[in-house]
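Accompanying notes for the structure given below.
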Amino acid sequence: MSEVTQTFRPGLERVAAYRAGKPAPVGPDGRSIKLSSNENPYPPLPAVVARLAEVLPHSISRYPSIAAEELTGALAARFDVAADNIALGAGSVEVAAQLIHALTAPGDEVMFAWRSFEAYPILVRVAGAVPVEVPLDAEHRHDLPAMAAAITDRTRLVFVCNPNNPTGTVVTAAELEAFMALVPRDVLVVVDEAYVHFDRAAESPSGIDFFRRFPNIAVLHTFSKAYGLAGLRVGYAIAPTDVAEALRKVAIPFAVSRLAQEAAVASLAAEAELDARVEDMVAERARLTAALLAAGVPAVPSEANFVWLPVGDGAAGVAAALEERGISARAFAGEGVRVSIGDPTENDAVIGAAAAIAAAATPR
Ligand SMILES: *Cc1c(COP(=O)(O)O)cnc(C)c1O
């Protein structure tokens with residue numbers, strides 16, 4: 001009997017599996033420090049845990065509300081937009097996929113900077129669209145003039161990841177404004193603000209302001225990073241009503257669980273407490289960056305909850321030096337290493353490794 005093999009969709013062979021941040025190894029002192037996925041180092045707020053405990057017994061056997069009225073209403077109030085402008089997903093990565101599925105036909109182009117969020121090229125190829133990667137500039141920032149010049153009549157979507165993952169750099173409001181003047185109105189610009197809460201740069205654009213001013217802007221937000229709900233999977237787009245409606249059409253039904261919806265609502269109600277934690281992480285980011293620079297490690301000033309070390313071919317060695325100490329970070333071979341901001345003792349461990357990191361680094 002001949003072996004049966006299936007025929008897969010053309011192009012799927014070029015889709016790389018998503019590489020998640022590694023689980024942390026165990027260090028010599030028995031500690032494991034996971035700084036590879038930009039998660040919040042703190043547990044959920046007590047109010048969020050309490051709400052989850054309350055609804056848990058009633059939320060598992062029933063499907064969640066697809067419309068997620070309460071969360072949608074809370075977000076609309078929070079950002080002063082219409083409920084019709086909001087589309088939810090199981091993490092903003094699902095919403096990014098919805099955008100690509102809703103706006104591209106096979107062969108259409110989706111542009112983003114590179115290196116940026118590694119889900120982008122995967123999502124684009126899975127949808128049958130064509131990823132167009134425009135290199136970051138010498139300062140690890142989006143090269144918006146080059147991106148504008150790379151727009152073709154096949155371009156349907158442009159992702160602007162601000163702050164950028166993994167480099168932590170931001171565009172300025174003036175740069176985004178100049179870019180928008182060059183983008184045709186039938187190309188949707190998606191400002192991915194997964195890390196916006198950590199951004200302290202005075203010149204940074206507010207995605208929501210741009211959404212209000214331009215008809216072809218959508219903003220992506222997530223509860224995974226500043227809000228500490230990565231494991232519950234909930235994110236959203238704020239988008240023009242026709243776009244948001246299209247996103248709801250292509251969304252996977254029931255993808256956002258009741259628990260996720262409840263935790264998101266409770267988190268929005270506790271934003272002041274969350275902000276205090278974010279403020280701590282921002283201070284820790286400054287402390288870690290300064291210590292690494294003082295030790296001679298190249299570290300890019302970051303507006304996110306991670307720091308990019310552009311160590312080039314030193315990436316594998318730097319990751320190994322961290323692993324020896326029980327710390328997992330995210331290494332991109334030949335490019336650099338991204339280290340998430342942890343709690344103060346976790347950051348101390350990274351600072352303790354600074355000399356070893358410097359020794360392993362071979363800046364390009
Ligand atoms: C983490 C991240 C997201 C969202 O993650 P979800 O957990 O799916 O909400 C989106 N964009 C960028 C750039 C990220 O780093």
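Just so you know, ligand 1 is whichever comes first in the structure, and atom 1 is the first atom listed for that ligand.
- In this structure, C161 is part of the shell of residues with a heavy atom less than 4.0 angstrom from ligand 1.
- What sits closest to atom 9 (O) of ligand 1 on the protein, heavy atoms only, is T222 OG1, 2.5 Å.
- Taking the six-membered ring wherever Trp is involved, the centroid distance between the rings of F306 and F198 does not fall below 6.0 Å.
- Looking at heavy atoms from C-beta onward, R141 lies in side-chain contact with E175 at the 4.5 angstrom threshold.
- At a 4.0 Å heavy-atom cut-off, ligand 1 touches Y195 through the side chain alone.
- Close approach of ligand 1 to K225 is summarised as follows: ligand atoms under 4.0 Å from at least one heavy atom of the residue are 1 (C), 2 (C), 3 (C), 4 (C), 5 (O), 14 (C), 15 (O).
- Backbone and side-chain nitrogen or oxygen atoms of V93 are examined, and one is located within less than 3.5 angstrom of a nitrogen or oxygen of ligand 1.
- More than 12 heavy-atom neighbours from other residues, nucleotides or ligands sit within 6.0 angstrom of CG on L182.
- Heavy-atom proximity to R233, at under 4.0 Å, picks out these atoms of ligand 1: 6 (P), 7 (O), 8 (O).
- Looking at A194 against ligand 1, only its side chain comes within 4.0 Å, counting heavy atoms.
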Could you go through N165 and R338, starting from their C-alpha distance and side-chain angles, then the distance that decides it, and tell me whether this counts as side-chain hydrogen bond (donor to acceptor under 3.5 Å, both in side chains)? CA-CA 9 Å; N165 176 5; R338 187 194 69 199; 2.8 Å; yes

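- Judged purely by atom type and a 3.5 angstrom limit, N40 uses its side chain to pair as donor or acceptor with the backbone of A226.
- Not a single N or O atom of E94, backbone or side chain, sits closer than 3.5 Å to an N or O atom of ligand 1.
- Only side-chain heavy atoms of D192 come within less than 4.0 Å of ligand 1; its backbone N, CA, C and O stay farther off.
- Residues V124 and P131 come closest through the heavy atom pair CG1-N, 3.4 Å.
- Distances between N or O atoms of S92 and those of ligand 1 include at least one value under 3.5 Å.
- For F79 and H221, the distance between ring centers is under 6.0 angstrom.
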